[in-house]
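Here is the structure we will look at, set down as structure tokens.
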Amino acid sequence: MPELPEVETTRRGLAPHIVGRSVQQVIVRERRLRWPVPANLPTRLAGQRLLGIRRRAKYLLIDTARGSVMVHLGMSGSLRVMPAATPPFVHDHVDIVLDNGQCLRYNDPRRFGSFHWVLGDNHDLLRHLGPEPLSDEFTGGALYQRSRGRKIAVKSFLMDGKVVVGVGNIYANEALFMAGIRPDRAAGRISAARYTTLVSSVQAVLAGAIDKGGTTLRDYVGGDGKPGYFAQQLRVYGRDGLLCRQCTTVLKAIRQNNRATVFCPTCQR
DNA sequence: ATGACAACCTGTGGGC
DNA sequence: TGCCCACAGGTTGTCA
């Protein structure tokens, strides 16, 4: 479900409800996520005060004085704050019970998400991540250099977490449309100038989506339980067979690495 | 090193 | 109505 804007929206929604609170207990109903939920997580977390909540790529890091809980929402995960007494619904796998009668509840039908306990952000899953897309390190020049000699399609290149983090299928499609670049063009055959445009497009699309509270296609809700409204702004994703909003050409769908790609054959070259 | 692909899961929607 | 298949917002690991 979530790409970077949805994770960031979740982070912003949760922060006011959990930061400063202490953890009373942790209830793990289902350990079998992408990786098993660490057996010592409840012990590590119980009694700790939550000092802050950060995001790195699509990971959420909830800090305590002893270490941090690292949560990934995978494809279908969500985190919500609710009264701890709320009866658990199907796929409610983890509760972090707070000291005010509320709890932070993790739901994930597909169980592609994960929980880790990390110290000092030293974790293999964080180690090899590329730059944040909304940071100064994400530049056209860097993309251009890194792409030389690569035959991989530019869309796949853009979705490679070692190149830049947080750009998933929806926003890769949208950013390439905005930049006027065909998703199936070889990454190594795109000019420096066009990569500069692409960086701006990625940033504009992600920032715009964060501003709208993310994209709700089916059932995504942020930490405050509200859906996102970016779906109304989508130019190509999910619009194959419909007309390009810019030139009225019929949008074309292809599959790349078994993911849906939609683009305008006229506007994107 | 690179790039294509399978794998991990459940739920939903379309076609028949 | 029911059944089967394709597909869904992600990422890692394997293989050629």
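Chain letters run A, B, ... following the sequence lines, proteins first, then strands; residues in each count from 1. The structure presented is a predicted model; accordingly, all values stated were derived computationally and were not measured. Values below: all heavy atoms of this structure, side chains included; hydrogens, waters and symmetry mates excluded.
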- prompt: According to the Watson-Crick and G-U wobble definition with distances under 3.5 Å, which dot-bracket string, read 5' to 3', encodes DNA chain B, using [ ] for crossing pairs and | for pairs with another strand?
  reply: .|||||||.|||||||
- prompt: Should the pair A/Y106 and A/H93 be assigned to parallel (<30°), tilted (30 to 60°) or perpendicular (>60°) ring geometry?
  reply: tilted
statement: Residues passing the side-chain contact (heavy atoms from CB on, under 4.5 Å) test with A/R29, sequence neighbours excluded, are A/I27, A/P88, A/D92, A/D95, A/R105
- request: Decide if atom CD of A/E30 counts as having more than 12 heavy atoms of other residues, nucleotides or ligands within a radius under 6.0 Å.
  value: yes
message: Once you measure the plane-to-plane angle for A/F230 and A/Y171, does it fall in the parallel (<30°), tilted (30-60°) or perpendicular (>60°) bin?
response: tilted
field: Same-atom distance (P) from B/dA1 to C/dT11, integer angstrom
entry: 22 Å
message: A/K226: which residues meet the salt bridge (Lys or Arg N to Asp or Glu O under 4.0 Å) condition with it, sequence neighbours left out?
response: none
Could you list all N or O pairs between the protein and nucleotides 5-8 of chain C that sit under 3.5 Å apart?
residue	atom	partner	partner atom	Å
C/dA8	OP2	A/R255	NH1	3.3
C/dA8	OP2	A/R255	NH2	2.6
C/dA8	N3	A/R110	NH1	3.2

message: Taking CZ in A/R245 as the centre, count heavy atoms belonging to other residues, nucleotides or ligands within less than 6.0 Å. Is the count above 12?
response: yes
- request: Decide, yes or no, whether a salt bridge links A/R146 with A/D160 under the criterion of side-chain N to carboxylate O below 4.0 Å.
  value: no
- prompt: For residues 139-157 of chain A, which residues have at least one heavy atom under 4.0 Å from DNA chain B?
  reply: A/R150, A/K151, A/I152
message: Quick check for you: name the first and last nucleotides of DNA chain B, 5' to 3', having an atom under 4.0 Å from a heavy atom of chain A.
response: B/dT2 to B/dG11
- line: Taken to the nearest whole Å, NE2/A/H123 to P/C/dT11 is 15 Å
- request: Can you tell me which residue pairs pass the salt bridge (charged side-chain N to carboxylate O under 4.0 Å, His left out) test with a partner in residues 8-27 of chain A, sequence neighbours excluded?
  value: A/E8-A/R11, A/E8-A/R12, A/E8-A/R55, A/R21-A/D99
field: CA sep, side-chain torsions, deciding dist, call: A/K58, A/V165, side chain to side chain contact (heavy atoms under 4.5 Å, CB included)
entry: CA-CA 8 Å; A/K58 294 171 190 164; A/V165 300; over 6 Å; no
Grab the N/O contacts between the protein and nucleotides 12-16 of chain C below 3.5 Å, and write none if there aren't any.
residue	atom	partner	partner atom	Å
C/dT12	O4'	A/R34	NH2	2.4

For residues 231-244 of chain A, tabulate all N or O donor-acceptor pairs below 3.5 Å that involve a side-chain atom, not counting sequence neighbours.
residue	atom	partner	partner atom	Å
A/R239	NH1	A/R235	O	3.1
A/R239	NH1	A/L243	O	3.2
A/R239	NH2	A/L243	O	3.2

field: Partners meeting side-chain contact (heavy atoms from CB on, under 4.5 Å) with A/V19 (sequence neighbours left out)
entry: A/A15, A/I53
field: P-based separation of C/dT14 from B/dC9 [nearest Å]
entry: 16 Å
- line: Hits for side-chain contact (heavy atoms from CB on, under 4.5 Å) against A/S156, two or more places apart or cross-chain, chain-then-number order -> A/I152, A/A153, A/N257
- prompt: Do the charged groups of A/D124 and A/R127 touch, with an N to O distance under 4.0 Å?
  reply: yes
task: Check whether any side-chain heavy atom of A/K252 lies under 4.5 Å from a side-chain heavy atom of A/C264, and answer yes or no.
output: no
Between side-chain atoms of residues 183-193 of chain A and protein atoms elsewhere (two or more places apart, or another chain), which donor-acceptor pairs fall under 3.5 Å?
residue	atom	partner	partner atom	Å
A/D184	OD1	A/R182	NE	3.0
A/D184	OD2	A/R182	NH2	3.0
A/R185	NE	A/R269	O	3.1
A/S191	OG	A/R194	N	3.1

